[in-house]
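Quick note on labels: first sequence line is chain A, next is B, and so on, each numbered from 1. For the numbers below, each heavy atom of this structure counts, side chains included, while hydrogens, waters and symmetry mates do not.
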Protein chains: 2
Amino acid sequence: MTDTKQRLLDGTLTVLGAQGITGVSARSIAAAAGVNQALVFYHYGSLDVLLATACREATRDRVAAYAERFEAVSSLRELLRVGRDLHAAELRAGNVSVLAQMLAAGQHGGRIADTTAEAIQLWVDEIEKVLDRLLADSPVAEIADIPGLARAVAAAFIGVELYEGVNPEGADRALASLDQLAVLVEVVDELGPLARRALKSRIKKVTR
Amino acid sequence: MTDTKQRLLDGTLTVLGAQGITGVSARSIAAAAGVNQALVFYHYGSLDVLLATACREATRDRVAAYAERFEAVSSLRELLRVGRDLHAAELRAGNVSVLAQMLAAGQHGGRIADTTAEAIQLWVDEIEKVLDRLLADSPVAEIADIPGLARAVAAAFIGVELYEGVNPEGADRALASLDQLAVLVEVVDELGPLARRALKSRIKKVTR
DNA sequence: GTCTATAGTAGGATAGAC
DNA sequence: GTCTATCCTACTATAGAC
């Protein structure tokens, strides 16, 4: 990967973070990268390809950077904790909501949509592994589709990232309330075997 | 409200739904509205104002249209049901994710950000009323900040709307898993007074 | 209120010198 | 690989006729 190609990828993330998808252009990206505008097309052929590549690489990097922390997660509250740390770190780095911006841009098919779906899947896979591990013995696993739950968690996280952009206090409050809720989930999950058996039988009755 | 002003508002929603925020321009909106491009500026002064107005009005309309259904909700599963119906109806109408598109566009302050925050608040207020009612006697109310929870629900819903755009099957699966999860919540919520008291005391212990 | 016309600007993309 | 220069298109916004 030549220096310029990489600078263009970095520049893409910079612009997405600083101005959002509406601020993206070959010129704005090249300016952020400190290179000539024509090089966007020389190296990537089109803006779409550059955007898609930047999204894919950035997501791969972030997922890899957080893989260890995901592996160490041993409760739902910790999973939320990792999510909040991730959120805070991205905020500081200015890389906020790159995925969210790409999602908005990719609502109508095409390369951007495909790439964004793949990028989200990288996160979903990580979350799914964690949920599999955490919920294996839980009543939750009896009734809920874990891969579906992982998708819900990823989508919800992206929604909060976007919400943060227009209402930081509201987003913090939302995350705090989820943390409080996670306490309840853990308490339920730590019920003794007797209560748990009662719970499972009730679940069976309701879902039958 | 003159006919043309209204047509421009409708046209704005059409373009946002069909092409997303990146497809928005005075020309594309005027074309969708079937009016002259210059009228955008005659009636609204700028694109930003038109976008903000359209978002505000559209959200007001949708919230008003669903107010009755929200009032009738008597369980978390029903709340989710209303959300899914809303989601499906907007999908069919092509009005999908107008709020999500505006959120993406409003990530960096300005009129769009303010208007979007206000629009989301309209949904949050409705959700909060429902949660207040549903969770009044629940252990959840003991520990969780209901307004915060309402914000989390609204943000998560928007995230799923966006996810739907790039992965419809994934989004459906996510919503289905939440429905399954809601069963668990209801079962817990319907525990007898004895079990509930035990739960509350455990919660006190954990949160102390 | 609505139209045409247009000034001025920004952006995608390419050609060709170096 | 990188640069300048440029073409062409699309956009915002305004002026002025009707």
Side-chain angles (χ1 to χ4, degrees), chain A residues 1-55 57 98 101-102 104-115, chain B residues 1-55 57 101-102 104-113 115:
Chain A
M1 176 85 69
T2 66
D3 186 50
T4 296
K5 277 190 92 163
Q6 186 57 51
R7 289 166 71 92
L8 283 170
L9 293 176
D10 296 342
T12 303
L13 301 182
T14 302
V15 173
L16 275 177
Q19 317 197 238
I21 192 67
T22 54
V24 163
S25 76
R27 292 175 134 91
S28 64
I29 289 174
V35 305
N36 190 278
Q37 170 261 336
L39 295 177
V40 167
F41 303 96
Y42 175 77
H43 284 292
Y44 292 97
S46 77
L47 249 191
D48 266 20
V49 175
L50 172 55
L51 280 172
T53 308
C55 176
E57 304 273 293
V98 167
Q101 293 292 324
M102 296 291 291
Q107 286 299 292
H108 307 92
R111 203 192 320 270
I112 304 282
D114 294 344
T115 307
Chain B
M1 176 85 68
T2 67
D3 187 50
T4 297
K5 276 190 92 163
Q6 186 58 52
R7 288 167 71 93
L8 282 170
L9 293 177
D10 296 343
T12 303
L13 301 182
T14 302
V15 173
L16 275 177
Q19 316 197 240
I21 193 67
T22 54
V24 164
S25 75
R27 293 173 128 90
S28 63
I29 290 173
V35 305
N36 190 278
Q37 170 261 336
L39 295 177
V40 168
F41 303 97
Y42 175 77
H43 284 292
Y44 292 97
S46 77
L47 249 192
D48 265 21
V49 175
L50 172 55
L51 279 172
T53 308
C55 176
E57 304 273 293
Q101 293 293 323
M102 295 291 291
Q107 286 299 292
H108 307 92
R111 202 192 320 270
I112 304 282
T115 307

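Residue-to-nucleotide proximity on DNA chain C shows that, of B:H43 and A:A26, the 5′-proximal contact is made by B:H43. Place A:V24 and B:Y42 on DNA chain C by their nearest nucleotides, and B:Y42 ends up nearer the 5' end.
Of all heavy-atom pairs between A:Q101 and A:L16, the closest is CB-CD2, 3.9 Å. Between B:C55 and B:M102, the shortest heavy-atom distance links the atoms CB-CE, 3.7 Å. Nearest heavy atoms, A:L39 versus A:L8: O-CD1, 3.8 Å. Closest approach of B:G106 and B:A113 over heavy atoms only: O-CB, 3.1 Å. Across all their heavy atoms, A:Q19 and B:H108 have their closest contact at C-CE1, 3.3 Å.
No engagement by A:S28 is indicated, since no non-hydrogen atom pair under 4.0 Å with the nucleic acid exists.
Protein atom NZ of B:K5 is 11 Å distant from nucleotide atom P of C:dT2, rounded to whole Å. Nucleotide D:dC11 holds its P atom 17 Å from the CG atom of B:L39, rounded to whole Å. One atom, CZ of A:F41, and another, P of C:dA13, lie 5 Å apart when rounded to the nearest Å.
With rounding to the nearest 0.5 angstrom, the CZ atom of B:R7 is 14.0 Å from the CD1 atom of B:I29. The CG atom of B:N36 sits 13.0 Å away from atom OH of B:Y42, with the distance rounded to the nearest 0.5 Å.
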Check: protein-nucleotides 4-7 of chain D nitrogen or oxygen pairs below 3.5 Å:
residue	atom	partner	partner atom	Å
D:dT4	OP2	A:N36	ND2	3.1

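Residues from residues 46-54 of chain B lying near DNA chain C, meaning a heavy-atom separation below 4.0 Å, are absent.
A close approach under 4.0 Å does not occur between any side-chain nitrogen or oxygen of A:S25 and OP1 or OP2 of C:dA10.
At least one donor-acceptor pair under 3.5 Å links the side chain of B:S28 to the backbone N or O of B:G23.
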